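Note sheet for the following structure.
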Amino acid sequence: MKGIVFTEFLELVEEQFGIETVDKIVSESNLETGGVYTAVGTYSHKEMFSMVAKLSEIKGIAVPDLLEFYGKYFFGVLAKSYPQFLREKGLFSFLETIDNYIHPEVLKLYPDAELPSFSTVRDGDKSLLLTYKSSRKMAHFAMGLILGASEHFETKIDVQKLTENQDGEVVEIKIDILE
Ligand code: HEM
């Protein structure tokens with residue numbers, strides 16, 4: 001997983017909970033890196049899970065909620081870094097380009113990036129079913145990214161997990177436009 005995912009996570013933890021919490025999760029999560037990341041480096045996604053689990057334990061917030069909150073914030077980071085991918089007119093057409101355009105472009109820039117795959121099916125104008133597939137089991141992070149994207153496109157939505165298979169490697173996410 002790219003370093004930017006780690007550096008921004010620690011940034012958000014500091015902003016929300018203070019530097020003491022950053023120090024605590026870094027020192028108590030048994031990290032091979034010791035919690036030192038550079039934005040361009042690549043690190044095991046297991047370190048992210050260790051830190052999220054530790055944060056969950058310390059703050060009493062469920063892991064899926066933390067991943068979703070972080071995903072929503074991380075969308076803002078991506079939008080700032082990659083404005084060229086935000087030219088789509090609407091939320092659904094944007095979400096439909098991730099798997100066949102955005103993530104493949106990300107892979108060209110960073111051949112060692114680890115990305116999920118998605119398939120999408122529209123159900124009328126106001127409903128989209130997105131199937132997330134990744135051995136990293138980060139569907140809740142995806143749901144947060146989707147919520148971040150909905151704010152960017154100024155579209156009110158409801159996001160729900162419909163089914164979960166293979167211990168979270170394959171997850172169906174339903175997105176309904178509310179207005
Ligand atoms: C501007 C648009 C986007 C860009 C540039 C982008 C790029 C990236 C990058 C750089 C990573 C980290 C890869 C790594 O750590 O090796 C990533 C991971 C990920 N992206 Fe995207 N992304 C975008 C939008 C989205 C959206 C809207 C979703 C949700 C549907 C999404 C779902 C994910 C997930 C879930 C991961 C974590 C890795 C995994 O689950 O296997 N991305 N993306």
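Indexing begins at 1, ligand by ligand and atom by atom, following the structure's order. Everything quoted here is computed from the prediction, not taken from an experiment.
The shortest contact between atom 25 (C) of ligand 1 and any protein heavy atom is with I98 CD1, 3.9 Å. Nearest protein neighbour of atom 1 (C) of ligand 1, counting heavy atoms only, is F85 CB, 4.0 Å. Of the protein's non-hydrogen atoms, the one nearest atom 12 (C) of ligand 1 is V5 CG2, 3.9 Å. The protein heavy-atom contact nearest to atom 15 (O) of ligand 1 is K2 N, 2.6 Å. Nearest protein heavy-atom contact of atom 43 (N) of ligand 1 is H103 NE2, 3.1 Å. Among protein heavy atoms, the minimum distance from atom 40 (O) of ligand 1 is reached at Y132 OH, 2.7 Å. Remark: minimum distance from atom 16 (O) of ligand 1 to any protein heavy atom is reached at E114 N, 2.7 Å. For atom 34 (C) of ligand 1, the nearest protein heavy atom (residue, atom name, distance) is P116 CG, 3.6 Å.
Tracing side-chain contacts under 4.5 Å through hydrophobic residues (I, L, V, M, F, W, Y), one reaches L109 starting from L145; they form part of the same cluster.
Close contacts of ligand 1 with S134, meaning ligand atoms under 4.0 Å from a residue heavy atom, involve 39 (C), 40 (O), 41 (O). In summary, the atoms of ligand 1 found under 4.0 Å from a heavy atom of V106, numbered by their order in the structure, are 5 (C), 7 (C), 10 (C). Numbered from 1 in the order shown, with element, the atoms of ligand 1 that lie under 4.0 Å from a heavy atom of I102 read 2 (C), 3 (C), 4 (C), 5 (C). Numbered from 1 in the order shown, with element, the atoms of ligand 1 that lie under 4.0 Å from a heavy atom of M1 read 14 (C), 15 (O), 16 (O).
When side chains are defined from C-beta on, E47 counts as touching T33, because their heavy atoms get closer than 4.5 Å. Between T21 and L55, the closest side-chain pair of non-hydrogen atoms falls below 4.5 Å. Two residues are said to be in side-chain contact when any heavy atoms from C-beta on lie closer than 4.5 Å; T131 and V171 fail this criterion. Under the 4.5 Å side-chain criterion, counting only non-hydrogen atoms from C-beta, F118 is not in contact with E96.
Using a 4.0 Å cut-off between charged side-chain N and carboxylate O, K46 and E32 make no salt bridge. In this structure, K126 does not pair ionically with D176, as no charged nitrogen and carboxylate oxygen lie closer than 4.0 Å. For K2 and D112, the salt-bridge test passes: some basic side-chain N is under 4.0 Å from an acidic carboxylate O.
In this structure, F94 has its ring center no closer than 6.0 Å to that of F85.
Of the N or O atoms in Y82, none lie within a sub-3.5 Å distance of an N or O in ligand 1.
At a heavy-atom cutoff of 4.0 Å, ligand 1 is contacted by both the backbone and the side chain of A142. Residue contacts with ligand 1, taken as heavy atom pairs separated by less than 4.0 Å, involve F118 solely via side-chain atoms from C-beta onward.
For CG of N30, the number of neighbouring non-hydrogen atoms (other residues, nucleotides, ligands) closer than 6.0 Å is 12 at most.
Residue F141 forms a ring pair (Phe, Tyr, Trp, His ring centres under 6.0 Å) with just one option from Y70, Y73, F75, Y132, and that option is Y70.
At least one heavy atom of F94 lies less than 4.0 angstrom from ligand 1.
For atom 31 (C) of ligand 1, the choice among L145, L115, L78, L107 with the nearest heavy atom turns out to be L145.
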